[in-house]
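Report on the following structure.
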Amino acid sequence: MTPERREAVWAIYVWCRRTDELVDGPNASYITPTALDRWEKRLEDLFEGRPYDMYDAALSDTVSKFPVDIQPFKDMIEGMRLDLWKSRYRTFDELYLYCYYVAGTVGLMTVPVMGIAPDSKASTESVYNAALALGIANQLTNILRDVGEDARRGRIYLPLDELAQAGLTEDDIFRGKVTDKWRRFMKGQIQRARLFFDEAEKGVAHLDSASRWPVLASLWLYRQILDAIEANDYNNFTKRAYVAKAKKLLSLPAAYARAAVGS
């Protein structure tokens, strides 16, 4: 990416990371809805050119250079509010909304920085929809990778109605035993996440040429976490699925070649 775009994406990432740390970091137990209200006011101030610190200043600079909209940032804070009180999701529709708040928003934040190719015939809406799909796919992958870790914190980020249809209960999650029922359930969840990745990949060719490789590479690398879950025999209770560094490096030339031809 160009240096200016790299710095802008870094500034957005840092803001997202700091926002996430409010509810998942070492001081999460002290965070209240009022604290998130203050964080949102601080966001509004930096968008108006009144940053509080150097990290805010980096994002404020990004906002001044790219047509970044504040709403996805506000929506991410709304996702943090959900994490303060909600630890179960009855349906996929509920879970999808959560995934939008905490990850789909990132796609919407970054498209103005990545840029759309001048010769793209795609609608702006379709490019943003693909970016949204990538955020959803990434978050669903996070959820499937971290089932055991979340369960140890008393959280279940899986559709409860689909668990019930598979013959599984919350107790099955907390017991953390891999069974045939669990494998069948996980296969369906992984298939859904891959469909979102497929939808996201359609939009990469329409990004500015300088942005295609990093976006496509990150998409391919993250999608491989799903392969790792399968390789672990769907044991996401006690085994953390990850992609080895060597495998990551081997993926980069292929992603570069694909990005170079724009499809």
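Along the sequence shown, residues are numbered consecutively beginning with 1.
Residues Y157 and N142 bring no donor and acceptor atom of their side chains to less than 3.5 Å of each other. D208 and S211 form no side-chain donor-acceptor contact under 3.5 Å, judged by distance and modelled atom types alone.
For F73, the ring-ring contact (aromatic ring centres under 6.0 Å, His included) partners at least two apart in sequence or on another chain are W15, F47.
We find the CG-CZ distance between D180 and R184 to be 5.5 Å, quoted to the nearest 0.5 Å. Distance check: L43 CG to T19 OG1 gives 7.5 Å after rounding to the nearest 0.5 Å. Taking OG1 of T141 as the start and CG of L226 as the end, the distance is 4.0 Å to the nearest 0.5 Å. Considering CZ of R152 and OG1 of T238, their distance stands at 8.0 Å, rounded to 0.5 Å. Here the CD1 atom belonging to I31 is positioned 10.5 Å from the CD atom belonging to E21, to the nearest 0.5 angstrom. Interatomic distance, CD of E4 versus OG1 of T62, reported as 8.5 Å (0.5 Å rounding).
Taking all atoms of both residues into account, the shortest heavy-atom contact from A130 to G203 is CB-CA, 3.6 Å. Between S126 and A122 the shortest heavy-atom distance is OG-CB, 3.5 Å.
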**Report entry** Verdict with reasoning, W220 to R258, per side chain to side chain contact (heavy atoms under 4.5 Å, CB included)
**Finding:** CA-CA 11 Å; W220 283 9; R258 175 72 67 85; 4.0 Å; yes

Requested in this report: Under the side chain to side chain contact (heavy atoms under 4.5 Å, CB included) rule, what do L95 and L158 come out as? Steps first, then yes or no, please.
Outcome: CA-CA 7 Å; L95 185 63; L158 297 166; 5.8 Å; no

Requested in this report: Test ring pair (Phe, Tyr, Trp, His ring centres under 6.0 Å) on W182 and F237 and set out the steps.
Outcome: CA-CA 11 Å; W182 178 250; F237 297 115; 4.7 Å; yes

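Ion pair D161/R90 not flagged as a salt bridge, since none of the NZ, NE, NH1 or NH2 atoms sits closer than 4.0 Å to an Asp/Glu carboxylate oxygen. Between K202 and D198 there is no salt bridge, since no side-chain nitrogen of the basic residue lies less than 4.0 Å from a carboxylate oxygen of the acidic one. D61 has a carboxylate O that lies under 4.0 Å from a charged side-chain N of K65, or vice versa, which qualifies the two as a salt bridge. Taking 4.0 Å as the cut-off between side-chain N and carboxylate O, K41 and E44 do not count as a salt-bridged pair.
Both tests do not hold together for R18 against Y55: distance to the six-membered ring centre under 6.0 Å, angle to the ring axis within 45°. The side-chain tip of K187 does not point at the ring of F185 from less than 6.0 angstrom away and within 45° of straight on.
With E230 as the partner, the salt bridge (Lys or Arg N to Asp or Glu O under 4.0 Å) test is satisfied by one option alone out of R183, R223, R194: R194. Of the listed residues (D24, D83, D150), just one forms a salt bridge (Lys or Arg N to Asp or Glu O under 4.0 Å) with R155, and that residue is D83.
Two residues are said to be in side-chain contact when any heavy atoms from C-beta on lie closer than 4.5 Å; L168 and I173 fail this criterion. Taking the side chain as every heavy atom from C-beta outward, L84 and V23 approach each other to under 4.5 Å. Counting heavy atoms from C-beta outward, R88 and E94 have side chains that stay 4.5 Å or more apart. Counting heavy atoms from C-beta on, the side chains of T169 and L163 never come closer than 4.5 Å. Proximity of L140 to Q189: side-chain heavy atoms (C-beta onward) are nowhere separated by under 4.5 Å. Between R5 and M114, every side-chain heavy-atom pair lies at or beyond the 4.5 Å cut-off. The side-chain heavy atoms of Q165 and L160, taken from C-beta on, include no pair separated by under 4.5 Å. A 4.5 Å side-chain heavy-atom check between M76 and V102 finds every atom pair outside the cut-off.
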Atom pairs and distances, donor-acceptor, side-chain atoms in residues 244-251, under 3.5 Å, two or more places apart:
residue : atom : partner : partner atom : Å
S251    : OG   : Q224    : NE2          : 2.8
S251    : OG   : K247    : O            : 3.0

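Counting non-hydrogen atoms of neighbouring residues, nucleotides and ligands closer than 6.0 angstrom, the CD atom of Q71 exceeds 12 such neighbours.
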